[in-house]
Amino acid sequence: MNPRLRLPVAVLATLALVAIAAPLLAPFDPAAQPDPINLALQAPGSTHLFGTDPYSRDVLSRVLFGARTSLGIAALAVTVALSFGVLVGALAALTGGRLDALLMRTTDAALAIPRLLLLLLIVAGTGPLPPALLALVLGATGWMTTARLVRQETRRLLATEHVRAAEALGIPPLRLWRAHILPGLVPTLTVAATIAFAAAVPLEAALSFLGLGVRPPDASWGNIILEAEGRIRSAWWLVLFPTLAIVTATLAANLLAERLATHDEDLRA
């Protein structure tokens, strides 16, 4: 592995392992409310390392389980966005002509609408969504950049000598796509996936913080912060720890995307 990729990959891999192992790592049940009167809003200490929330729930346990929810939603959203983006971008590049122009104008129109505004309009109309549908909505509003990248890279690959030679030999379009173009798209798709992931994590947190995403008692990093509403100074731990998790995941994904793009450019040079 390229040494420059090790740090962001290690951070993201650690977060993924923490999310998977949350039931083993969490010291308490994240939904348990043992004593909402005497144990509510306790500052971080030896028993509750990240403190407790207004319902006496252990914040460390909720952050760990929130990783499962927040990262899981982001990962599913990336899958949806990449699938649709590849479909639109590849179709535009392979067909060309009017269909290409129509698909790209549609993509441009979608890009012109601020994504957060679009998400708020959708979720405000439907009400809070379960995690799977929230991921679907996030993915359905995040495919445009991937479509443009895939179109550009597919057009470049179509102009290479080995692809043109395969076309001249009469290889069917589907086989040509699967054997000669799709493998060449892997670096581009990897960068697109990390960019999409870096965008999905804070967007999910923002929607959950606004009460339009994951709803308690299910934990997500965004709705943990929501519990600090009106008491940010007195219950600073409810903001600090989930925010650190969001920032860490987002920065690691952005750093990985940047270094992957640079590595890809160096290989082509």
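When reading the values below, keep in mind they use all heavy atoms of this one structure, side chains included, and skip hydrogens, waters and symmetry mates.
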Which heavy atom in P217 sits nearest to a heavy atom in R57, and how many Å separate them? CA-NH1, 4.0 Å
Over 60° means perpendicular and under 30° means parallel, so tell me whether W143 and F84 are parallel, tilted or perpendicular. perpendicular
Determine whether F197 and L71 make a side-chain contact, defined as any pair of heavy atoms from C-beta on separated by less than 4.5 Å. yes
Please step through salt bridge (Lys or Arg N to Asp or Glu O under 4.0 Å) for the pair E153 and R156, ending with a clear verdict. CA-CA 5 Å; E153 186 64 11; R156 185 189 72 82; 2.6 Å; yes
Between N254 and I195, is any pair of side-chain heavy atoms under 4.5 Å apart? no
Is the shortest heavy-atom distance from the side chain of S61 to the side chain of F28 under 4.5 Å? yes
pair L120-L207: side-chain heavy atoms closer than 4.5 Å: yes
So, do L49 and P44 sit near enough that their side-chain heavy atoms are less than 4.5 Å apart? no
Picking from T69, L203, V214, I224, what satisfies side chain to side chain contact (heavy atoms under 4.5 Å, CB included) with S208? V214
I232 versus L238: any side-chain heavy-atom pair under 4.5 Å? no
Taking the side chain as every heavy atom from C-beta outward, state whether D58 and P27 have any atom pair closer than 4.5 Å. yes
Could you go through E227 and N223, starting from their C-alpha distance and side-chain angles, then the distance that decides it, and tell me whether this counts as side chain to side chain contact (heavy atoms under 4.5 Å, CB included)? CA-CA 7 Å; E227 301 297 347; N223 68 22; 5.6 Å; no
So, Q33 and S56: side-chain donor and acceptor under 3.5 Å apart, yes or no? no
State, with a plain yes or no, whether a side-chain heavy atom of P242 is found less than 4.5 Å away from one of W237. no
Test: salt bridge (charged side-chain N to carboxylate O under 4.0 Å, His left out). Region: residues 78-107. Which pairs qualify, not counting sequence neighbours? D100-R151, D100-R155, R105-D108
